Amino acid sequence: MTKAIRLREHDSTPVVETFLPDAYIEGPAVELAAFRKPRLEPKLAVVLAADVPAGASPGDAARAVTGVFLTVDILDATADGFESAAGGGFLLGEQLLPLELAGELRLRLDGELVAAEPVARLGDPVTRIAWWASEVGGLHAGDAVLLGFPAAGVRATRGTLLLEGPLGATLSADLRDAA
């Protein structure tokens, strides 16, 4: 994976942030001590199988997208207290899911449901990827695009994280205080 991009909307305005490749956290353990004030957001991510050039049509973008993955975006606070991707990271599920999903994403911490949102609220990922490719001069095969999700972030605490998605897909991690 060459880089990861967080794409979400805030007040109907697209917000996009780029992660460096080392922001990908290979679970199953996440050391919370590495973050200032970590918050968790359930999302979907697309890992591009082919380049998407600037000016690509949604059809061109669709050919570069083979499916989506469950992901948990770990947001962190900057030194001045603002929530940011700086110092954050993300967990990426292993199961490739089709683009046409129905159902919900449900985030649980130690079995307690802390966030749930219908996948339909995400919108059309292919259109969003085509738009973003035009904004940044193109995207490349291997890029991971984190598609923003309207579920509110929740404070990360020690315990077991479980993200449940459509078609029985799950992503889990052990959130630890310190090694």
Side-chain angles (χ1 to χ4, degrees), residues 1-11 13-48 67-97 101 103-122 125 128 132 142-179:
M1 184 176 328
T2 56
K3 65 183 173 189
I5 301 155
R6 175 189 295 145
L7 171 60
R8 64 184 174 143
E9 292 187 12
H10 177 70
D11 297 333
T13 304
V15 176
V16 181
E17 299 170 81
T18 301
F19 288 103
L20 297 174
D22 62 355
Y24 171 63
I25 300 169
E26 292 191 49
V30 176
E31 302 297 333
L32 296 177
F35 304 96
R36 287 186 173 102
K37 293 181 179 179
R39 296 185 58 75
L40 308 170
E41 285 187 353
K43 295 187 176 180
L44 294 176
V46 172
V47 178
L48 298 175
V68 296
F69 296 89
L70 297 181
T71 190
V72 174
D73 193 357
I74 303 173
L75 302 171
D76 203 9
T78 61
D80 52 8
F82 290 100
E83 193 174 86
S84 169
F90 67 99
L91 297 161
L92 189 66
E94 295 180 6
Q95 183 179 351
L96 181 65
L97 300 167
L101 289 176
E104 264 189 337
L105 289 184
R106 291 175 301 284
L107 182 65
R108 297 179 188 277
L109 292 175
D110 279 341
E112 179 185 345
L113 182 66
V114 294
E117 289 290 335
V119 173
R121 290 192 59 199
L122 179 63
R128 296 173 85 186
W132 181 238
D143 288 352
V145 181
L146 278 58
L147 301 169
F149 209 72
V154 297
R155 188 170 66 88
T157 58
R158 182 176 49 122
T160 301
L161 170 149
L162 177 64
L163 178 59
E164 302 167 318
L167 305 175
T170 61
L171 182 159
S172 63
D174 180 25
L175 305 179
R176 299 179 183 170
D177 283 334

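Sequence positions, counted from 1, serve as the residue numbers for this chain. Values below: every heavy atom of this structure, side chains too, minus hydrogens, waters and symmetry copies. Because the structure is predicted, anything quoted here is derived from the model rather than measured.
By the 4.5 Å heavy-atom criterion applied to side chains, Glu41 and Leu75 are counted as neighbours. Side-chain contact check for Leu107 versus Leu40: some heavy-atom pair is nearer than 4.5 Å. The side-chain heavy atoms of Thr71 and Leu44, taken from C-beta on, include no pair separated by under 4.5 Å. With a 4.5 Å cut-off on side-chain heavy atoms, Leu163 and Ser172 do not count as touching. Inter-residue side-chain proximity for Phe90 and Val72 is flagged as unmet; no heavy-atom pair is nearer than 4.5 Å. At a threshold of 4.5 Å between non-hydrogen side-chain atoms, the residues Phe69 and Leu97 do not count as touching.
Scanning all heavy atoms of the two residues, the minimum distance from Leu171 to Gly93 falls at CD1-N, 3.1 Å. Across every non-hydrogen atom of Ile74 and Pro38, the tightest pair is CG2-CB, 4.0 Å. Closest of all the heavy-atom pairs between Pro125 and Leu147 is CB-CD1, 3.3 Å. Taking every heavy atom of both residues into account, Ala45 and Leu92 meet most closely at CB-CD1, 3.7 Å. Between Glu104 and Ala116, the closest heavy-atom pair is OE2-CB, 4.0 Å. Between Gly142 and Val47, the closest heavy-atom pair is O-CG1, 4.0 Å.
Atom CZ in Arg121 sits 11.5 Å away from atom CG in Leu105 (nearest 0.5 Å). In this structure, the separation between CD on Glu112 and OG1 on Thr160 is 13.0 Å, given to the nearest 0.5 Å. With rounding to the nearest 0.5 angstrom, the CG atom of Leu70 is 10.0 Å from the CZ atom of Arg106. From Glu31, atom CD reaches atom CZ of Arg176 across 5.5 Å, with rounding to the nearest 0.5 Å.
Side chain of Thr170 to main chain of Glu164: no donor-acceptor pair is present (N/O by atom type, distance under 3.5 Å, no hydrogens or angles). Distance alone, capped at 3.5 Å, is enough to place a donor-acceptor pair between the Asp76 side chain and the Arg36 backbone.
Salt bridge status for Arg108 with Asp110: absent, with no side-chain N to carboxylate O gap under 4.0 Å.
Among the candidates Asp174, Leu161, Leu175, the single residue satisfying the side-chain contact (heavy atoms from CB on, under 4.5 Å) test with Val30 is Leu175.
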